[in-house]
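To start, the structure under review is shown below, and the notes come after it.
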Amino acid sequence: MTAPAAGGTEEHAPPSLVARCGGIEFRNPVLTASGTFGYGSEFASLFPLASLGGMVTKGISPNPRFGNPAPRICETASGMLNSIGLENVGLTGFEAEKLPFLRTCGTKVLVNFFGTTFDEYVECGQRLGRMDGVAGLEMNVSCPNIKAGGLEFGRDPRVLGELVRACRNVIEKPLWVKLTPNTSDIVALARACAENGADAVSVINTITGMAIDARTRRPRLATVMGGLSGPAIKPVALRMVYQIHHAGMGIPICGIGGIQNGLDAVEFFLAGATTVQVGTQNFIDPASSERVVREVEEFCRQHGISDVCELVGALEIQG
Amino acid sequence: MTAPAAGGTEEHAPPSLVARCGGIEFRNPVLTASGTFGYGSEFASLFPLASLGGMVTKGISPNPRFGNPAPRICETASGMLNSIGLENVGLTGFEAEKLPFLRTCGTKVLVNFFGTTFDEYVECGQRLGRMDGVAGLEMNVSCPNIKAGGLEFGRDPRVLGELVRACRNVIEKPLWVKLTPNTSDIVALARACAENGADAVSVINTITGMAIDARTRRPRLATVMGGLSGPAIKPVALRMVYQIHHAGMGIPICGIGGIQNGLDAVEFFLAGATTVQVGTQNFIDPASSERVVREVEEFCRQHGISDVCELVGALEIQG
Amino acid sequence: MRYFDARIIENRALGNGYFSLRLGGCDSLAASRPGQFIMLRGDWGRDPLLPRPMSLLSVAPEGRADMLGRSVGRGTKLLEAALPGTRVSVLGPLGNGFPDPAPATFDLLVAGGVGMPPLFMQAEHAARRGLVDRCEMMYGGRTSRDLVLLGEMRALGLATHLSTEDGSVGRRGRVTAALEARIEYHRTANPGHKLRIMACGPREMLWAVARIAEPYAIECHLSVEEQMACGIGVCLGCAIPARSRPFRYACSDGPVFLASDLIIPPAPGHATGGTP
Amino acid sequence: MRYFDARIIENRALGNGYFSLRLGGCDSLAASRPGQFIMLRGDWGRDPLLPRPMSLLSVAPEGRADMLGRSVGRGTKLLEAALPGTRVSVLGPLGNGFPDPAPATFDLLVAGGVGMPPLFMQAEHAARRGLVDRCEMMYGGRTSRDLVLLGEMRALGLATHLSTEDGSVGRRGRVTAALEARIEYHRTANPGHKLRIMACGPREMLWAVARIAEPYAIECHLSVEEQMACGIGVCLGCAIPARSRPFRYACSDGPVFLASDLIIPPAPGHATGGTP
Ligand SMILES: Cc1cc2nc3c(=O)[nH]c(=O)nc-3n(C[C@H](O)[C@H](O)[C@H](O)COP(=O)(O)OP(=O)(O)OC[C@H]3O[C@@H](n4cnc5c(N)ncnc54)[C@H](O)[C@@H]3O)c2cc1C
Ligand SMILES: Cc1cc2nc3c(=O)[nH]c(=O)nc-3n(C[C@H](O)[C@H](O)[C@H](O)COP(=O)(O)OP(=O)(O)OC[C@H]3O[C@@H](n4cnc5c(N)ncnc54)[C@H](O)[C@@H]3O)c2cc1C
Ligand SMILES: Cc1cc2nc3c(=O)[nH]c(=O)nc-3n(C[C@H](O)[C@H](O)[C@H](O)COP(=O)(O)O)c2cc1C
Ligand SMILES: Cc1cc2nc3c(=O)[nH]c(=O)nc-3n(C[C@H](O)[C@H](O)[C@H](O)COP(=O)(O)O)c2cc1C
Ligand code: FES
Ligand code: FES
C-alpha cells in the first residue's frame, strides 16, 4: 500500500467486476455477441481473450448450414442489416474444429444454438450441453432470417415456453434464451422463459428491417429483409431490458444492442442487465470489447463503486 | 416547346407528381408528419407551404392537454426520443386558433387525432370530420406516451378494428389510421384497418425506446420511455410498409420513418407507399420537406419516370 | 427568422475548450436582440443529428455574427475544430431576448461560464446606446480559464466583477455571492437605482439567482437552456414548467423568462450564495 | 494482422474524385502483399458506422503506406477531405493477395478505375525483384480523368496499355477489349510465355475478364469487392458464391480468387469486349 497521494485522495481497492448471471460466474460482465466475434480466434491476435467476461459463439445448428445468398449486409443510419442466414459449421464441425481452441482461450464460452424444428432444438441443446469447455448455452429463438427456424418459436410466449421447457429438461448446463425484439410484449416472452426454467434472457436480438437501393430498385439484401443491429437500436434494447427488469420476475438479463463503450454498458446495467454483450461494435472497432471492460472499470473507479453489481437496476426514477 | 437541346436530349414533359392516397388527391406525395411541423405557420416563412403535398397536424384530442414533464426529448444515435405526451390545444382551440390559418395555407391538411377512451376517439373524429378545411383525418392509435390513450388501442388487431369501425361510421371524410411499430405483426394491424373501412394506413409511428444518463443514473426523459424517430428507424419503417404492401390487401400506405431526402422517399414508394411523411427531418433541416418534393421530381426526371405513381411497389425482387 | 447557409470566417481557440466563432453571410441576423439564439449545424452527416442551439455573442455589419462556444460533446467539438471556410446552416434569430437597456434602470448582468454571450451582447447594446454605465457584469466560472473575452468587455467600458470558485481570479466563490454583494452595494450607494437582473448560466445558478432576487423584489430575467430539437416551437420538446401556463417553451416563449413566471425549486441543502 | 492508429501524412487530389493518401505509422503493414487491403476508419462518430475497405497501393519503409481512393459516398468523401495529421484506425493487412511474380510467367494486370491499386502494387513488387518486364498493365476507365498515377507507373518501368470508353486517351473502348488484343498479341509474338491474368475493377469487368480468359485456359486471378463489415471472416457478410464451397469470403478467403473457383454469370446481351 502506498502512502495517500498529495491531494489527500485515498487509494481504493480496485472495483470488483465479477458478475454472476444465469448460473455462470464471469470475470467481468462484458461478453461478445453471437455472430459478431466468430469463434474468437480471429480476435486473439488483437487482445487477450481472457480479458473478456465471456464470449458467445456464432449460432450452431445440428447440421452445417451455408447461409443466404449475397449481398448479406448493408449499412444503415447508425446501424447495419444482416441476413447471414445462420451459416455455421454444425454440431460436429463445431466440436472438432472450434471447441479445441475455445477450451484454451481463457474466457467463458457460451454456445449460441438453434434448430429448424422443435426436435432439432432439443437435440442440438442436449449435445452441446454435454461438450467439455462449454460454460452455457444461449438459445437463439429470435433470428429473423430463416422462416422455419427463428422467428416462429420466439414470437409466441406459449410456444416459446414449451421449447424452453423441452430444452431445459435435457440440458444441465446454464440455459439462456435470446429474445426477439419483434414483439408487442417483451415481458410476456421473458416470463415464458422464466417460468419454464431458463437461467437468463439475452435481450435483444436484431430488429427486422429492410433497405432499398432506389437507383437499382432492388433490395440491398438478397433476402429482402434482415436484422438491424448497432447503435441505432440501443434505445429499443435498453427499453426492453428495463421493462423485463421492472416486471420483477427476477430472471437475470444479459443486455445487448448497440453497445459501443463502457458508458453504454453501464446504461444497460442501470436498466437492469447483469451482463452485456458487444456485437456490431466488434466490426467498427475490433478491440472494443476489451476496451468496454476497461471503461466499465474506470467508470466504477470514478464513481466510487466498489462492485459493478451495485449498478444493476440502479436507475433512479423521480417520483 | 423549345427545340431539342444540342446533345440530342429531348425535352420531356415534367413528371406528374400527383398522388391519390386514401381518398385524397395530393399535388405531390410528400406530406409532413404529425408533431413535427406544428400547425404549419412556423414554416410558412421558410418556404411556401403550397409546395407540399399535404401536412398532418399535431394530434388533437377533445380537450386540451398539457403534456409530459421535462425533459421531453433527447438525441440518440441517428435518432431522437420524444415523450411530448400529446400536448395539444384541444378540439375547440384547434378550430378557433389553428384552422383559420390552415384553410389558407394552400396545401391539404390532415388532422391527426386521438382520445383517451373509445368514446373520445369517436367524438373527436366526428367533430373534426365536420370542420371545413380538413381534407382528412389521421387516427393516432400508436402513440406510446400515454397509457390510457395510445398504445392500448393500436396494439390488438381486434380492438383496433372495432375502433376503426366506430370512427368510420361517424366520419365521412377520408380516415387514415397510423399504426404502431411496437408489434409482432404489422400486417394484422393493417388488415384490421382495411377490413373496417379505413381509407389508408400511415406506417409507422415511433418505436418505444429509452435512454439513460449513466453519470446521473437517471433516464434522459422524465417519463422514462419515449418514442424513437429519425433515420435510425428507417429500416424498420421500410420493412413494415413492404410487409403490408406485399400482403396485398390493397389499402393505400403513407410511409413514415427517417425520411431525410428524395431518395429515402423513393425507397418508400418502391416498398409500396403511395405517399410519405417527413418527420424528424423537419428539425434537422427545416426546409427539408420542400426539398424532398424537388428531389423526388428530380429523381423521376433522371430515371425517365413520367408519373411518380409508377414507383409505388415497383421494388424488383430477384427470383 | 430565416434559414440560410453561412460560412465560418474565424475560429479562435480561447483555451479550456472555449472558442469564439465568427460567421459570415449572416445579414439576416443583423437585427437580432441580445438573448436570441440560432440553431446551428455543420455538414455532419447524422452524427450529431440535430442542430445545436447557440446564443449570439455579437452581430456586426456585413453579415458577421459571433458566437462563444464551449466543447462539451460531439457537436461542439466539431464546431471547435471547424476551419475557416466551413459551411454551416443557420436558423435564426430565435427566441425573445432580454429587455432593452434603459436610462431609468440599472442592470446586473449575471453570467455563468458559457452562459456569458447573451449578457455580453446585452452590454454591447447598452454601449451602443451610450448606456453601458447603466449595467455591470458579474461573471463567474470555476477557474480563471473559464472567464474569457475579458479584453472585449473592457473595450466596451463595461464594469465587470469576476469570481472564480477556486479564487484564481477575482472574488473566490460563486458568482451568486458576488451578485448578493453587488445588490447590497447598489441599495446602499445608489438607492435611487431601479435594479434589474439578467442572468444566463447553469440551471442551478439561475435558480440561485432567482432565490436571491426574490426577497428584494428585483425584476429578474433568466435565460434558460433546455434540450431543443426544432428551436421554433413546433416539437414541444423544450418545455419548462411555468406559472402562467403549465409549460412554457424555451425556444419560442423564451429563452428569457421572468423568474416570477418560472417554478423555482427550493434551495438545496447548502447555502446558496456562500463560498463553497 | 494488426489493429493500430495511423496518421495521414499526405493527401493529394488527383482530379475527378480520385485522391492518393499516404499514411504514417503503418510499420505493421510493411510485409503486406499486393492485393491485400486494410479496413480504414476515421474519427467519424457514427456516420459512417463501419470501417471502409481500401486496397494497398504501396508500402514503403518507415511505416509509410499509400492508398488510392475515389470519393463515391460519405466515407470516401471524408477521406478525400481529410487533412494531413488526421488520425485514422487501421486493421490490416487483410486478405490473401495476388500470387508472386515469377520469371517463368507473364502477368497481364487488368485494372478498371479505382481497382488499380493492387495491380500497381503487384507491378511494384515485380519491379523490386527485377521482374517488371514479366508483366504489363491494361488500365481502363471511362475517360482520361479516370486514369491516374501514370507517371508512377512509368517510373516503375511498367508497360502500360491504356483504354478509355470515350477514347480521350489510349485505345477507345473497354479495358477488356485491350485485354483480348494483348492476349492475341502475346500468343503470336511470345508463344513460350505462360500467361496469367490478374484483375481488379468493377464486377462486370471482372466477369468479362473471366469469360475472356476461359477459352484460352489462362490462369485468371480476380480481386473482388463485396460489402464488408469486419474484414476478418467473422461477420460472414462478404459471401461470394464459389465452386469449391457454396460460399467463399471476400475478406478472408479473398479478395483474390481464381476465376475458376467463382461462379461467373453468363455474358449479358451485348458483346463483352467490344467498343460500346
Ligand atoms: C438557448 C440556448 C443557447 C445556448 N448557447 C450556447 C452558447 O452560446 N455557447 C455554447 O457553447 N453552448 C450553448 N448552448 C448549449 C449548447 O447548445 C450545448 O452545449 C450543445 O447542444 C451540446 O452539444 P454537443 O453535441 O456538443 O454535446 P452533447 O454530446 O449532445 O451533450 C453534451 C451536453 O450538452 C447537452 N445538450 C445536448 N444537446 C442539446 C440541445 N439540443 N439543447 C440543449 N442542450 C443540449 C446535453 O444534455 C449534455 O449535457 C446553448 C443552449 C441553448 C438551449
Ligand atoms: C477489398 C476491397 C478493396 C477496396 N479498395 C479500394 C481502394 O483501394 N480505393 C477505393 O477508393 N475504394 C476501394 N474499395 C471500395 C471502397 O471500400 C468503397 O468505395 C467504400 O466502402 C465506399 O464507402 P463510402 O462511404 O464512400 O460510400 P457509401 O455511401 O457507403 O457507398 C457508396 C458505394 O460503395 C459501396 N460500399 C459501401 N460500403 C462498402 C463496404 N463496406 N464494402 C464494399 N463496398 C461498399 C456501396 O455499395 C455503394 O455502391 C475497396 C473495397 C473492397 C471490398
Ligand atoms: C453479422 C451478424 C450476425 C449475427 N449472428 C447471430 C447469430 O448467429 N445468433 C444470434 O443469436 N444472434 C446473432 N446476431 C445478433 C447479435 O448477436 C446481437 O444480438 C445484435 O447484433 C444486437 O447487438 P449489437 O447492436 O451490439 O450488434 C448477429 C448479428 C450480426 C450483426
Ligand atoms: C416531437 C415529435 C412529436 C410527435 N407527435 C406526434 C403526434 O402528435 N401524433 C402522431 O401520430 N405522431 C407523432 N409523432 C410521430 C411522427 O409523426 C412520425 O410518425 C415519427 O416521428 C416517425 O417519423 P420520422 O422518423 O420521420 O420522424 C411525433 C414525432 C416527434 C419526433
Ligand atoms: S425546441 Fe422544439 S419547441 Fe422548443
Ligand atoms: S467482411 Fe466480415 S466476413 Fe468478410
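Letters A, B, ... are given to chains in the order of the sequence lines, protein chains preceding strands, and every chain is numbered from 1.
Taken from CG in A:L110 to CG in A:L128, the straight-line distance is 11.0 Å, to the nearest 0.5 Å. Taken from CD1 in D:I197 to CD1 in D:I212, the straight-line distance is 7.5 Å, to the nearest 0.5 Å. Note that CZ of A:F94 and SG of A:C124 are 9.5 Å apart. Values are rounded to the nearest 0.5 Å. The distance from the CG atom of A:L81 to the CD1 atom of A:I207 is 10.5 Å, given to the nearest 0.5 Å. Here A:E95 contributes atom CD and A:I60 contributes atom CD1; the two are 11.0 Å apart, rounded to the nearest 0.5 Å. Atom-to-atom distance recorded for D:M121:CE and D:L68:CG is 13.5 Å, nearest 0.5 angstrom.
Neither the backbone nor the side chain of D:M39 comes within less than 4.5 Å of any heavy atom of chain A. With a threshold of 4.5 angstrom between heavy atoms, A:F37 approaches chain D through N, CA, C or O but not through any side-chain atom. Both the backbone and the side chain of A:I284 come within contact range of chain D, with heavy atoms under 4.5 Å apart. The contact between D:L91 and chain A is made entirely by side chain atoms (from C-beta outward), counting heavy-atom distances below 4.5 Å.
Between A:A237 and A:I256 the shortest heavy-atom distance is CB-O, 3.3 Å.
When the candidates D:G233, D:G231, D:P51 are compared by the number of heavy-atom contacts under 4.5 Å with chain A, D:P51 comes out ahead.
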Go through chain A and chain D and list any donor-acceptor pairs closer than 3.5 Å, backbone and side chains both.
residue: A:R72; atom: NH1; partner: D:L236; partner atom: O; Å: 2.9
residue: A:R72; atom: NH1; partner: D:Y249; partner atom: OH; Å: 3.2
residue: A:E75; atom: OE1; partner: D:L50; partner atom: N; Å: 3.3
residue: A:E75; atom: OE1; partner: D:R52; partner atom: NH1; Å: 2.8
residue: A:E75; atom: OE2; partner: D:L49; partner atom: N; Å: 2.6
residue: A:E87; atom: OE1; partner: D:Y249; partner atom: OH; Å: 2.5
residue: A:E87; atom: OE2; partner: D:Y249; partner atom: OH; Å: 2.4
residue: A:Q260; atom: OE1; partner: D:R46; partner atom: NE; Å: 2.7
residue: A:D285; atom: OD1; partner: D:Y3; partner atom: OH; Å: 3.0

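For the side chain to side chain contact (heavy atoms under 4.5 Å, CB included) test with D:L94, the passing option among D:I38, D:I232, D:L56 is D:I232; the others fail.
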